[in-house]
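Here the structure comes first, spelled out in structure tokens, and everything after it is commentary.
Any value given below was found using the heavy atoms of this structure, including those in side chains, with hydrogens, waters and symmetry copies removed.
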Amino acid sequence: MAAAASSTLLQGSNFTNARRVPRTSDQQRIPNCVARRSAPSSLCFRTGSGRTAAVVRAAAAAGDGDASAVSLPAALLFDCDGVLVDTEKDGHRISFNETFAERELGVSWDVELYGELLKIGGGKERMTAYFNKTGWPAKAPKTDEERKQFIASLHKRKTELFMALIEKKLLPLRPGVQRLIDEALGKEVKVAVCSTSNEKAVSAIVSCLLGPDRAEKITIFAGDVVPRKKPDPAIYILAATSLGVDPSSYTAEEDFATAEAVFDCIGDPPEVRFDLDFCADLLQKQYVS
């Protein structure tokens with residue numbers, strides 16, 4: 001049988017407990033899954049469309065070989081905002097508003113509006129799209145090039161304010177993040193953080209909240225290192241290929257109806273939602289003969 005890549009999702013949600021997605025007898029075989037495992041695989045942890053919790057993607061490499069032995073993932077790829085830390089609503093949004101207030105722009109983003117703006121990847125792109133739609137502030141410059149510089153200056157100040165929140169540890173890690181990362185690093189599973197947010201901000205989160213010892217072992221892919229920002233998968237593809245992991249496929253249309261499980265977070269004892277063994281088991285299920 002020719003080998004083919006496959007994938008499965010776990011969607012973040014507002015559920016208070018983890019649940020296995022029920023499967024009928026005719027759903028025992030994972031859709032589009034006809035691969036046998038021999039090459040490394042990875043798991044991608046990222047936010048769902050609401051950016052409130054983690055989505056876990058099992059990206060399996062295609063290849064021939066014996067699928068009987070269970071192996072750990074080759075890498076764990078974490079999104080930052082909404083996965084490592086609940087940064088958007090109480091971090092980035094607050095910092096944007098403080099920046100707007102400092103510049104006396106007469107702009108404030110409430111939670112509902114910011115939720116809509118999050119559909120636009122990247123802070124600079126978010127501000128530009130908002131001002132293009134609602135009108136530029138009176139203090140904003142008039143030419144496109146000057147406005148580009150204006151947006152860059154706003155974003156720089158927003159990042160400074162956001163990093164101050166991180167350095168003061170006012171935004172704690174989400175439950176289970178440190179535990180799962182420690183488990184992965186302890187078993188020599190590669191760990192990376194993938195975000196199109198500002199690289200300094202992402203590095204500050206990893207260093208300040210996870211500590212310098214862990215930070216030295218975690219690879220960061222962030223900022224403008226890719227031409228297209230999320231939801232485009234470019235940042236994850238870059239991370240996977242850089243770590244020597246073959247990315248097979250990515251989310252289309254955010255349809256998680258066939259997800260193996262749904263979690264509100266990773267979780268710490270006594271309410272652990274899943275661990276590295278679960279990740280390994282999930283990857284094993286990607287392959288059927």
Side-chain angles (χ1 to χ4, degrees), residues 12 46-53 55 79-168 170-171 193-206 208 220-238 250-251 253-254:
R46 65 178 184 79
T47 54
S49 58
R51 300 185 69 88
T52 56
V55 173
D79 189 3
C80 183
D81 299 325
V83 175
L84 297 184
V85 187
D86 279 328
T87 52
E88 292 293 4
K89 179 173 69 72
D90 298 321
H92 287 295
R93 185 183 68 89
I94 298 300
S95 300
F96 273 119
N97 285 339
E98 289 182 356
T99 300
F100 298 152
E102 284 184 358
R103 300 293 181 91
E104 298 180 338
L105 300 183
V107 175
S108 181
W109 290 346
D110 61 26
V111 173
E112 182 177 0
L113 172 59
Y114 194 66
E116 289 298 313
L117 291 172
L118 283 175
K119 295 177 182 179
I120 303 168
K124 293 188 290 290
E125 293 81 359
R126 199 168 297 144
M127 286 187 286
T128 300
Y130 173 79
F131 292 140
N132 281 339
K133 182 177 180 179
T134 63
W136 286 77
K139 292 189 175 183
K142 305 303 180 184
T143 69
D144 290 342
E145 184 59 32
E146 288 177 328
R147 283 178 173 178
K148 184 177 180 180
Q149 296 175 4
F150 173 71
I151 289 293
S153 70
L154 291 178
H155 194 263
K156 179 181 179 181
R157 179 54 179 160
K158 187 277 298 185
T159 299
E160 292 172 350
L161 293 171
F162 176 75
M163 289 179 66
L165 290 176
I166 297 300
E167 290 167 359
K168 294 176 183 177
L170 297 178
L171 296 173
V193 175
C194 307
S195 175
T196 47
S197 294
N198 180 275
E199 190 275 336
K200 289 184 179 180
V202 177
S203 295
I205 289 174
V206 173
C208 293
I220 295 175
F221 300 87
D224 297 321
V225 294
V226 291
R228 299 177 303 280
K229 297 194 174 184
K230 294 182 291 184
D232 188 282
I235 191 76
Y236 293 109
I237 293 174
L238 174 64
Y250 287 85
T251 304
E253 304 301 327
E254 299 284 347

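Taken from CD1 in I94 to OG1 in T99, the straight-line distance is 11.0 Å, to the nearest 0.5 Å. For the atom pair CG (D81) and CG (D86), the distance works out to 10.0 Å, reported to the nearest 0.5 Å. Taken to the nearest 0.5 Å, the CG atom of L117 stands 11.0 Å off from the CD atom of E112.
Within 6.0 Å of CG in N132 there are more than 12 heavy atoms belonging to other residues, nucleotides or ligands.
Contact annotation: the side chain of F131 never approaches that of R147 to less than 4.5 Å [non-hydrogen atoms, C-beta and beyond]. Two residues are said to be in side-chain contact when any heavy atoms from C-beta on lie closer than 4.5 Å; R103 and S153 meet this criterion. Taking the side chain as every heavy atom from C-beta outward, M127 and W109 approach each other to under 4.5 Å. Using a 4.5 Å heavy-atom threshold, the side chains of L165 and E98 count as separate. A 4.5 Å side-chain heavy-atom check between D79 and S195 finds at least one atom pair inside the cut-off. Residues F162 and L171 have side chains in contact (heavy-atom distance under 4.5 Å, counting atoms from C-beta outward). Under the 4.5 Å side-chain criterion, counting only non-hydrogen atoms from C-beta, R126 is in contact with Y114.
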Chi angles and distances behind the side chain to side chain contact (heavy atoms under 4.5 Å, CB included) call for I120, Y130: CA-CA 10 Å; I120 303 168; Y130 173 79; over 6 Å; no
Trace of the side chain to side chain contact (heavy atoms under 4.5 Å, CB included) decision for L105 with L154: CA-CA 11 Å; L105 300 183; L154 291 178; 4.1 Å; yes
For I151 and E125, run side chain to side chain contact (heavy atoms under 4.5 Å, CB included): C-alpha distance rounded to whole Å, both residues' side-chain angles, the deciding distance at 0.1 Å, then the answer. CA-CA 9 Å; I151 289 293; E125 293 81 359; over 6 Å; no
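Remark: of the listed residues V225, I205, V202, V202 is the sole one forming a side chain to side chain contact (heavy atoms under 4.5 Å, CB included) with I220.
Shortest non-hydrogen contact noted between R93 and K89 is NE-O, 3.0 Å. For the residue pair V107 and N97, the shortest heavy atom distance occurs at O-OD1, 4.5 Å. Across A204 and I166, no two heavy atoms sit closer than the pair O-CG2, 3.6 Å. Taking both residues in full, the closest heavy atoms of A222 and E199 are given as CB-CA, 3.8 Å, listed atom of the first, atom of the second, then distance.
For R157 and E160, the salt-bridge test passes: some basic side-chain N is under 4.0 Å from an acidic carboxylate O.
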